[in-house]
Amino acid sequence: VLLAAVSLLALMAANSMVLQRRMSANYGERSQALARATRAVAAAKAWLYSRPDFERQIDCTADCQLPAAIHGPGQLPRNPEFESAAWWRSYAIAEGIHPATLEPLTAESPEPDPPMWVMQELGYLALAESEVGPAVGGIGYYRILARGTGGGPGSIAVIESIVARPWYGEFAPLPYPAEQSTTAFCRQFSSAVACGTQAWRQRR
């Protein structure tokens, strides 16, 4: 009886350890997917902050000419976090790929399932010089959606970031690929100018 009881306790302990290991592995995969999606958002912001003013149609608020890889309002599905991997490969930009030329940024072999991002302009707000000084003509607001995967087939994270970007003024775009933190772009403006991440959430 004692031997049976000890064997039962040992079996329960072994099952508990297996369950904990699986939970730990799932948590690690989810964390990896989220970290890779965050990398993709940083890559998208670096591209946005590197675009010169002439690539966006000046002071346009509807049906605008936008820089490469930036979609206009209404051009993305309502819930892209549930779109298939094939959709993301067709419409999104992989980290490490130049958004305009679609060429690799480095000579390293690309990842089999790299983090990806897609960007949409939500709107543009023209500003009077008296509001923010003479350095900024207006502010564009952008929705960045980024997808990252973990080690397992079901470990997918999609995050959404709303970003503000000033246009048309006496400031310098960042180089691309980024040579410094994207916060360096926003440090060129006063606190009265909306710039950088305005909102963030995980959608999947």
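Note that the numbering runs from 1 along the sequence shown for the chain.
- No side-chain heavy atom of C64 sits under 4.5 Å from any side-chain heavy atom of Y124.
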Just do the side-chain contact (heavy atoms from CB on, under 4.5 Å) check on V158 and W88 with the steps written out, would you?
CA-CA 11 Å; V158 176; W88 281 89; 4.2 Å; yes

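- When side chains are defined from C-beta on, E83 does not count as touching S90, because their heavy atoms never get closer than 4.5 Å.
- Considering CE of M119 and CG of L76, their distance stands at 11.0 Å, rounded to 0.5 Å.
- The minimum heavy-atom distance linking P115 with A40 is given by the pair CB-CB, 3.8 Å.
- Considering only heavy atoms from C-beta on, K45 comes within 4.5 Å of T197 through its side chain.
- The two atoms that bring G196 and C186 nearest to each other are N-SG, 3.3 Å, heavy atoms only.
- Under the 4.5 Å side-chain heavy-atom criterion for ILVMFWY residues, no single connected hydrophobic cluster contains both I159 and F82.
- Note that SG of C60 is 11.0 Å distant from CD1 of I58, once rounded to the nearest 0.5 Å.
- Atom CG of N79 has more than 12 heavy atoms from other residues, nucleotides or ligands within 6.0 Å.
- With values rounded to the nearest 0.5 angstrom, R39 atom CZ is found 12.0 Å from L34 atom CG.
- Of all non-hydrogen atoms in W117 and A43, the two that sit nearest each other are NE1-CB, 4.1 Å.
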Before you tell me yes or no, could you show the steps for W200 and Q202 under side-chain contact (heavy atoms from CB on, under 4.5 Å), namely the whole-Å CA-CA distance, both residues' side-chain angles and the distance that decides it to 0.1 Å?
CA-CA 7 Å; W200 183 97; Q202 183 173 354; 4.2 Å; yes

Does the pair I139 and V193 meet the rule for a side-chain contact (heavy atoms from CB on, under 4.5 Å), with working shown?
CA-CA 8 Å; I139 298 172; V193 178; 4.1 Å; yes

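- At least one donor-acceptor pair closer than 3.5 Å links the side chain of S84 to the backbone N or O of W87.
- For the salt bridge (Lys or Arg N to Asp or Glu O under 4.0 Å) with E121, the lone residue among R56, R51, R165 that qualifies is R56.
- The minimum heavy-atom distance linking P99 with Y176 is given by the pair CD-OH, 3.6 Å.
- Each of R147, R203, R204 was checked for a salt bridge (Lys or Arg N to Asp or Glu O under 4.0 Å) with E81, and the lone residue meeting it is R203.
- A68 and W47 get closest at one heavy-atom pair: O-NE1, 3.0 Å.
- The two residues R36 and G148 have their closest heavy-atom pair at CB-CA, 4.2 Å.
- With rounding to the nearest 0.5 angstrom, the CD1 atom of I144 is 10.0 Å from the CD atom of E160.
- For E55 (side chain) and P52 (main-chain N/O), no donor-acceptor pair under 3.5 Å exists by modelled atom type.
- Aromatic ring pairs are classed by plane angle as parallel below 30°, tilted from 30° to 60° and perpendicular above 60°; the pair Y91 and H71 is tilted.
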Quick one: do F171 and D53 satisfy side-chain contact (heavy atoms from CB on, under 4.5 Å)? Show the steps, please.
CA-CA 10 Å; F171 51 87; D53 287 341; 4.0 Å; yes

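- Note that the CD1 atom of I97 and the CE atom of M116 stand 11.5 Å from one another [nearest 0.5 Å].
- The OH atom of Y141 sits 10.5 Å away from the CG atom of L122 when rounded to the nearest 0.5 Å.
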